[in-house]
There are 2 protein chains.
Amino acid sequence: MTQTPPRPAAGSPAPRPVPTSTDVARLAGVSRATVSYVLNNTSAVRISEPTRRRVREAAEELGYVPHAAARSLRAGRTRIVLLPTAHVPVGPLYGHFLNELQWALRRLDYTVVQYASMGLDGDEAARAWAELRPVAVVSFGAVELTPQGVDVLKRSGAQAVITLGPQPVEGAHSLPVDQRRVGRCAGVHLVERGYRRIGVVLPEEPGPELFSGPRLEGVRHAVAGTGADVVPLPLARTEEAAGALAARWPGLGLDAVFAYDDEYAVLLLRALLDAGASVPGDTAVMGAGDLLLGRLMRPRLSTVRIDMEAGQHLAELVDRVVADPDRTPENRDLMAARAIHREST
Amino acid sequence: MTQTPPRPAAGSPAPRPVPTSTDVARLAGVSRATVSYVLNNTSAVRISEPTRRRVREAAEELGYVPHAAARSLRAGRTRIVLLPTAHVPVGPLYGHFLNELQWALRRLDYTVVQYASMGLDGDEAARAWAELRPVAVVSFGAVELTPQGVDVLKRSGAQAVITLGPQPVEGAHSLPVDQRRVGRCAGVHLVERGYRRIGVVLPEEPGPELFSGPRLEGVRHAVAGTGADVVPLPLARTEEAAGALAARWPGLGLDAVFAYDDEYAVLLLRALLDAGASVPGDTAVMGAGDLLLGRLMRPRLSTVRIDMEAGQHLAELVDRVVADPDRTPENRDLMAARAIHREST
DNA sequence: TTGAAAGCGTTACCAG
DNA sequence: CTGGTAACGCTTTCAA
């Protein structure tokens, strides 16, 4: 026997142990199997109505709630979808997308587990995730997933290992999401308008590197061969930092700037205006994300609009892959990016 | 119920079953018990170094990963902290707070499960949560938790049921977070400056009701007895809606407006300016949240700054309550609110 | 120092 | 139509 807690100190409110299906069965005067059948509405077996009622009443009276872990253990599979997350959100857009995905997954009856990857490397992380025996893992690049990591997950029972990112991972169902395209949109937009010395604002804060790097690369790519220059500009997300950058702006000799997202863009735009610069006359400013923020500035901020395929769609994809892991991967990029011309460029 | 046998169709690449501790034991030529001892570094038992090595190598070779559900089942407790979430985020601030909390909990080795409450009522939701046997539940008011719900959770093994909200829930460890204080700050601020016809912008979008209602109530409370009026103003978070509201503004006869958060405030502020109004001359505008957005507007947006006690602290509180469920609840309000005067009031 | 065995709560199978 | 029994993977007590 296990250590039956010998009546904890008097005064405790309810030292009652948590009721199990055995307790329900005993109270209803039936077997555990019958309890299971009744509570799960198993159609393959027919139980008499009086019995059903007795079982239901017993469960109600005891406040019985089935134990998900025991169920999974027996069933050999969970309904857990694991979402590895980075320390810091990389932007409002991403947060919104993640939220939508969670909601949609829950709606499909999955249990969403967010797993913060505390600086583990890809394989350590994969092993930690595998302990939960998730039926699916959807990775946004917070952790660099390796083919070995994917293998560990699949062997632990994951039916779907889905990665979103610029390049596919061997063994995983990889959906293309190429942040370079955001930069490319901006680069093309600016070059077409004749700008030739282009600054690119990169967040100094840790977190968005996985997004900001490729966006910079995208700008470089768009600009290649046009004779235009690209100058990386690290910037902290504060008014002071923006002011300092604006102060040394004339010395930089830039005629345009593309910022990691609209927040950084507006921060700098404001600082430039306050420093007496003319936008887009002296310098064009472009952001990304098409946030409310930018539309409310004057001049209105030109931006790269990013549409992530609705979380709803991704959730349905997860569900399909779980049901049929061998289906051929889809290749459409989940992210649509296009430049929106307003008044700041 | 599903009845798909775990036997995959022939031709599947790797139908290898997931390795268990039995497999490791067999390969290492020891018993399952020994495997458990070695892999968990059990200090009460000493295993010879050669044996340890054999076990470790076997585990490595097979790619063995322990099964969290089985472990919890045996242990009788999980490390799951359940976070009920609403459909839509109620604002950037809240999102940030939630993120910090998740990170801190993970750091304390908890498994964070976000549970979207799909329109379940308090007791249904509590039962659904209880299936996971969380060791703690931290509720932000996405679902109205009842004393019965709390009881179900506690009886299912939850050591800590923590609610954040205006009023305590019987049986739960309730931390005061009173959104009315935000409204009160704004109300006091506006009344002190002589404004007497105060509009309060409430989001038309579903989601923030649980926050916006109390904030409105707080304004009313602050204004009571001063002879000032309070007028609720539903507003969608779009430029069109704000424009429409600004168009009928003169007819409303308001001399000040407090918006649910800085986004709504700036939206309206911009629309008023574009309509030719003077701020704060004709109308004062105040927001909440102290977002970057408001600081970048001209005139700079007056706001109510809200500091949620760092998620870190809440995570540590959870950890303490889990360790000692009978500790006396803390009563300090987790939220600090104070008006910040800028240029728009 | 190691191994055998008893459960944890659930459901599937197969007798009654 | 119903109920006993075994098994899921793991930890831990007890015995060798």
Whole angstrom value for the distance that separates [atom2] of [N] from [atom1] of [X]:
{"X": "A:R74", "N": "D:dA7", "atom1": "CZ", "atom2": "C1'", "result": "6 Å"}
{"X": "A:R133", "N": "D:dC10", "atom1": "CZ", "atom2": "C1'", "result": "11 Å"}
{"X": "B:N41", "N": "D:dT12", "atom1": "CG", "atom2": "P", "result": "13 Å"}
{"X": "B:R46", "N": "C:dG3", "atom1": "CZ", "atom2": "P", "result": "18 Å"}
{"X": "B:E131", "N": "C:dT10", "atom1": "CD", "atom2": "C1'", "result": "12 Å"}
{"X": "B:R26", "N": "C:dG3", "atom1": "CZ", "atom2": "C1'", "result": "16 Å"}
{"X": "A:H67", "N": "C:dT11", "atom1": "NE2", "atom2": "P", "result": "12 Å"}
{"X": "A:D23", "N": "C:dG9", "atom1": "CG", "atom2": "C1'", "result": "11 Å"}

For [X], give me all partners under side chain to side chain donor-acceptor pair (under 3.5 Å), at least two apart in sequence or on another chain.
{"X": "A:S156", "result": "none"}
{"X": "B:Q102", "result": "A:Q114"}
{"X": "A:T146", "result": "A:D123, A:Q148"}

So, with a heavy-atom separation below 4.0 Å from DNA chain D, the residues of residues 48-61 of chain A are A:S48

Of the residues in residues 29-36 of chain B, which ones touch DNA chain D at a heavy-atom distance under 4.0 Å? B:R32, B:A33, B:S36

Side-chain touch [X]/[Y], heavy atoms, less than 4.5 angstrom:
{"X": "B:P19", "Y": "B:V24", "value": "no"}
{"X": "B:F140", "Y": "B:L101", "value": "yes"}
{"X": "A:R133", "Y": "B:V18", "value": "yes"}
{"X": "B:F97", "Y": "B:L164", "value": "yes"}

Which angle, rounded to 10°, do you find between the first-five-pair axis and the last-five-pair axis of the helix from C:dT1-D:dA16 to C:dG16-D:dC1?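 For the helix from C:dT1-D:dA16 to C:dG16-D:dC1, the axes at opposite ends meet at about 50°.
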
Side chain of B:S21 (C-beta onward), nearest among D:dC10, C:dT2, C:dT11: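 Minimum distance to the B:S21 side chain belongs to D:dC10.
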
Nearest listed nucleotide, side chain of B:L73, among D:dC10, C:dT10, C:dG9: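 Closest nucleotide to the B:L73 side chain: C:dG9.
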
For residues 313-320 of chain A, dump all side-chain donor-acceptor pairs below 3.5 Å to protein atoms at least two apart in sequence or in another chain.
unit_1: A:H313; atom_1: ND1; unit_2: A:E309; atom_2: OE2; d: 2.8
unit_1: A:E316; atom_1: OE2; unit_2: A:Q312; atom_2: NE2; d: 2.8
unit_1: A:D319; atom_1: OD1; unit_2: A:Y110; atom_2: OH; d: 2.5
unit_1: A:R320; atom_1: NH2; unit_2: A:E330; atom_2: OE2; d: 3.0

Under the salt bridge (charged side-chain N to carboxylate O under 4.0 Å, His left out) test, which residues partner B:R26, sequence neighbours left out?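 With sequence neighbours excluded, B:R26 shows a salt bridge (charged side-chain N to carboxylate O under 4.0 Å, His left out) to B:D23, given in chain and number order.
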
Taking only residues two or more places apart in sequence or in another chain, which ones pass salt bridge (charged side-chain N to carboxylate O under 4.0 Å, His left out) with B:R327? none

Could you tell me whether the phosphate oxygens of C:dT11, OP1 or OP2, come under 4.0 Å of any side-chain nitrogen or oxygen in A:R71? yes

Is a donor on one side and an acceptor on the other found under 3.5 Å between the side chain of B:R79 and the backbone of B:L108?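 Yes; at least one donor-acceptor contact below 3.5 Å.
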
Taking side chain to side chain contact (heavy atoms under 4.5 Å, CB included) as the test, write out the residues that go with A:R32, two or more places apart. A:S21, A:T22, A:A25

Protein N or O to nucleotides 14-16 of chain C N or O, pairs below 3.5 Å:
none

Is it the case that atom CD in B:E49 sees more than 12 heavy atoms from other parts of the structure closer than 6.0 Å? yes

Sorted by first residue and then second, give each side-chain hydrogen bond (donor to acceptor under 3.5 Å, both in side chains) pair with at least one member in residues 162-172 of chain A; sequence neighbours left out.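 Matches after skipping sequence neighbours: A:T163-A:S174.
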
